[in-house]
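Written below as structure tokens is the structure these notes are about.
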Amino acid sequence: MEERYEAQEIEQKWQQRWEMSGIDAASDDAQDQRPKYYCLVMFPYPSGNLHMGHVRNYCLGDAVARYKRMQGFNVLHPIGWDAFGLPAENAAIKNNRPPAEWTYANIDQMREQLKRLGLSYDWSREIATCRPEYYRWEQWLFTRLMQKGLAYQSNAEVNWCDPCHTVLANEQVVDGVCWRCDTPVVRKNLKQWFIKITAYAEELLADLDKLDGWPEKVVGMQRNWIGKSTGAEVSFGLESSDETLDIFTTRPDTLMGVTYMAVAAGHPLAKKAAESNAELAAFITECSKMSTKEADVETMEKKGMPTGFNAVHPITGGLVPVWVANFVLMGYGTGAVMSVPAHDERDYAFAKKYDLPIRQVIRPTEGDWDIESTAFTEQGVLINSADFDGLDSVTAKQAITEHLSKQGKGSERVQYRLRDWLVSRQRYWGAPIPVIHCEDCGAVPVPDDQLPVELPTDLQPTGGASPLSQCEAFVHADCPTCGKPARRELDTFDTFMESSWYMSRYTSPRSNEAMLDSAAIERWAPVDQYIGGVEHAVLHLLYARFYHKLMRDAGLFTSEQGGDEPFINLLTQGMVLKDGSKMSKSKGNTVDPKAIIERFGADTARLFTLFAAPPEKELEWNDAGVEGGYRFLKRVWRLLEKLDAETGGDEDAAAVKALRFTIHTTIQRVTHAFEHGFAFNVAIAALMELANALQDFQIRCAVGKAVYREGVEALATMLAPFVPHFACEFAEKLGMDQVAVVAGWPKVDETALVQDEITLVVQVQGKKRGEIILAKDASQDDALALAQSDASIAKWMDGMQIVKVVLVPGRLLNIVVRPA
RNA sequence: GCCGGGAUGGCGGAACUGGUAGACGCACAGGACUUAAAAUCCUGAGAACGUAUGUUCGUGCGGGUUCGAUUCCCGCUCCCGGUACCA
């Protein structure tokens, strides 16, 4: 009788051994002949406590990393800390301690929690983004971008939260209020720092086609986010004025149907009109308060007011009124649109509401259209369009654009929805923006020899303005250009800056010579498998793609060395739910990983999170299910007992062969799961089936015992990526070479898959009527004869004539009959 | 609105490329062991009818293709995620 399965003891033992052996470190040895594999999980924000979402993420990554090591790859599997950010400042205010202290303490705590899970990270590469050795390179790159004109300062209308005293990114505004303090967000015009992601819009869009290892969903989301549309820019004149009113349209073919113009409330023309029109001024103020969020926007009533100005049609010279409309956005295109009610739903509704004319200029290619009842928004053939009559929409777009172009009144234009990345934050706990403001020289980048601009770590935030403004030692600096006393930039970077390049930094985490070591990039980049939550589908993953290209173009590596994209394959894991909803403190439905580990051990926690659902789907937490996982491990443990079985009995060739068949189909199935889509739930189910088969197997003879041993050894090995401590201990008890468990993966023995006899399902008229057992190479006629000799099958063919017989080798026989 | 994904037992989920629907697990029921409990083991189970061999129905709904459809095609319903009044 073997001793019980003692998870805590075993896990401690193996974690110590792994740490001593350094087995999880990635090798930078140029002599290492193994192919590389870079497996990355999204690094955590050090909130202090690991939650189930982290556990799921890291168990997935660890399974992949361990499997690849077993397959003979040199695996890079690093971890670190996304350590700047607001929660540290809020905690600092609450506890009256500097955020650095809180952050580093949390990192220590979370590192222990990760280690307790037995994750096979290369801890020698651990990074924390709040360390100057890290963010100095971000500052360095930023100054390069400034020189190239890719980083710039500009006035912009931004979301501002008063209590938090900072601008907010769009995604931090939820239904018009600040995500953190629920205060309504104000839109303010502020001078902010931007990085010109729009300059890379085309490449970011085009390279999406290369990402076939990404979920289509994420690619689609990014494509929409970039939002490319092609059309024309058209310059309308203004009555009795030299000025023009420029608009962008995707439908230049409908130009002759324009009956009015609409401008955004923030448009200069609207402002000008409001000067002499109090009613209009009030309307504009109302518009500026309106929500930018889609939910409200969807239901919002379309409203407008005439400005009193008239625009001059660029072709006909006719006059059309200019309106201010709440649905026109200043931030997209030119903040003004031409309105063609006959061919646009929104313009149609607006025209009906304000009784503006509707002029049809496109008709369907076939049939008629009643423009009195609805707009015709499809492409078609031009009518009422003078010289352009009879052209189809596609041709007309070109013809009209060309015509305008010749007169200097328009041109082809590509418009993106993507806007430049606002990277400045009025916060303390972030990487300082490396700029010195000089009265004479303006905004001057900090020279390389003065980098990093270190963030003082001993300041105490109070919730109002950044404490940096009170820190004289930080604020005062001499202008690098003219030497006169100047002031440092007080804003810090958006924390998405740090997370945009950490995957590259892991390849040479201690480099003090350069942001990246190009040789290390060549060795490791790009990431072969990236795993993380789908909530980062657009922002983080778009910024990281962008940053990768920026670093490439800054000469840190070439396309050949580092690729044009940072992540080849992406797995977006689903959320962990409890009682049907996301775990949260306020709902009181959280499950603490620590409690699970203490009760059942890390292996059970790992097993359950991988088994309960396919990785990309949501995982419903189920305490009973966790116990089921624990039971499974205990059951496997007891398989050891049977190794002492007596072997004096008769040989049972059929049972032995059947067991070998199960062993090798299991190897096939589990390997397949790792190579295609990481369906670990299915892989683990297959291992459970193998365990069940081993449990049911009666050892009688020496051959049986040998095959049984083959089975438990294969089981031990294949369990290793999922429940590594258990697998190692189990393998040790089996007397296996440990190398086999960390560096070997079982191979399928094709001969074990060959069966002499097969079971064939017999269908009559496509309905299952029985099964027959016959030799694997039996002919269709043999099979048919055997089926007909089976009374329970034959009765379905009584008085019938066989019309057709379909044999699917190894699977089924379908007999098609009809009344004789 | 648009884009993407989905709907399979009481539950989580399986099902290669069109070939036995419901693997594996959870929960449940019955039994064994035990003074008892825990632990463990065995057995059962999609639904309906039937004592039973069994028969019929069954993968959101309605059609179609096929010897055969959870799988492919057409038309819907509902759910989830994303999102842009995009000019």
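Protein chains get the first letters and strands the later ones, always in sequence-line order, with residue 1 at the start of each. Note that the structure is a prediction, hence the values are computed from the model and not measured. Worth knowing before you read on, the calculation uses all heavy atoms, side chains too, and leaves out hydrogens, waters and symmetry mates.
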With a 4.5 Å heavy-atom cut-off, do [X] and [Y] have their side chains touching?
X: A:Val805; Y: A:Leu813; answer: yes
X: A:Met583; Y: A:Val591; answer: yes
X: A:Thr604; Y: A:Val626; answer: yes
X: A:Ile315; Y: A:Leu404; answer: yes

Euclidean distance, atom [atom1] of residue [X] to atom [atom2] of [N] [Å, nearest integer]:
X: A:Glu771; N: B:G19; atom1: CD; atom2: C1'; result: 14 Å
X: A:Arg631; N: B:A38; atom1: CZ; atom2: C1'; result: 13 Å
X: A:Leu539; N: B:G82; atom1: CG; atom2: C1'; result: 12 Å
X: A:Leu633; N: B:A39; atom1: CG; atom2: C1'; result: 16 Å
X: A:Glu535; N: B:U83; atom1: CD; atom2: P; result: 12 Å
X: A:Tyr348; N: B:G1; atom1: OH; atom2: C1'; result: 18 Å
X: A:Lys617; N: B:G5; atom1: NZ; atom2: P; result: 14 Å
X: A:Tyr332; N: B:C85; atom1: OH; atom2: P; result: 11 Å

Can you check whether any acceptor in the base of B:C16 is under 3.5 Å from a donor in the side chain of A:Arg811, or vice versa?
yes
Heavy atoms only, 4.0 Å cut-off, all strands: where does [X] land among base, sugar-phosphate and nothing?
X: A:Val816; value: sugar-phosphate
X: A:Asn622; value: sugar-phosphate
X: A:Gly628; value: sugar-phosphate
X: A:Trp796; value: sugar-phosphate
X: A:Phe611; value: base
X: A:Gln763; value: base
X: A:Gln222; value: nothing
X: A:Asn681; value: sugar-phosphate
X: A:Asp347; value: nothing
X: A:Pro614; value: sugar-phosphate
X: A:Lys795; value: sugar-phosphate
X: A:Arg769; value: sugar-phosphate

Between [M] and [N], how far apart are the [atom1] atoms? Round to whole Å, please.
N: B:A47; M: B:A52; atom1: P; value: 14 Å
N: B:G64; M: B:A15; atom1: P; value: 30 Å
N: B:G46; M: B:G10; atom1: C1'; value: 11 Å
N: B:U40; M: B:C61; atom1: P; value: 39 Å
N: B:U56; M: B:G50; atom1: C1'; value: 12 Å
N: B:C79; M: B:G54; atom1: P; value: 43 Å
N: B:G25; M: B:A32; atom1: C1'; value: 23 Å
N: B:G13; M: B:U59; atom1: C1'; value: 13 Å

Kindly label the base of B:G30 as syn or anti, based on whether its glycosidic torsion lies within 90° of 0.
anti
Could you identify the nucleotide paired to [N], looking across every strand shown and requiring Watson-Crick or G-U wobble geometry with both distances under 3.5 Å?
N: B:C67; answer: B:G19
N: B:A14; answer: none
N: B:G1; answer: B:U83
N: B:C76; answer: B:G60
N: B:A52; answer: none
N: B:U34; answer: none

A:Leu807 pairs by side-chain contact (heavy atoms from CB on, under 4.5 Å) with which of A:Leu812, A:Ile815, A:Leu760?
A:Leu760
Among the candidates [options], find the nucleotide nearest to the side-chain atoms of [X].
X: A:Lys804; options: B:C57, B:C67, B:A23; value: B:C67
X: A:Lys217; options: B:U40, B:C26, B:G81; value: B:G81
X: A:Asn814; options: B:G19, B:C85, B:G5; value: B:G19
X: A:Leu329; options: B:C85, B:C24, B:G5; value: B:C85
X: A:Gln695; options: B:A14, B:U20, B:C42; value: B:C42
X: A:Arg635; options: B:A15, B:C85, B:C41; value: B:C41
X: A:Arg638; options: B:U40, B:G5, B:C26; value: B:U40
X: A:Val761; options: B:C85, B:C57, B:U20; value: B:U20

Let me spell it out: for each of A:Gly625 and A:Glu689, pick the nucleotide of RNA chain B with the closest heavy atom. Which residue's pick is nearer the 5' end?
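So the residue in question is A:Glu689.
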For A:Gly766 and for A:Val538, locate the closest nucleotide of RNA chain B by heavy-atom distance; then report the residue assigned to the nucleotide nearer the 5' terminus.
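The residue closer to the strand's 5' end, by nearest nucleotide, is A:Gly766.
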Anything under 30° is parallel, anything over 60° is perpendicular, the rest tilted; go ahead and classify A:Phe674 against A:Phe722.
parallel
Describe, in one word, how the ring planes of A:Trp621 and A:Phe608 are oriented to each other, choosing from parallel (under 30°), tilted (30 to 60°) and perpendicular (over 60°).
perpendicular
Would [X] and [Y] count as a close aromatic pair, with their ring centres under 6.0 Å?
X: A:Trp421; Y: A:Phe496; value: no
X: A:Phe726; Y: A:Tyr630; value: no
X: A:Phe350; Y: A:Phe327; value: yes

Taking 4.0 Å as the cut-off, does a side-chain nitrogen or oxygen of A:Ser229 come that near to OP1 or OP2 on B:A87?
yes
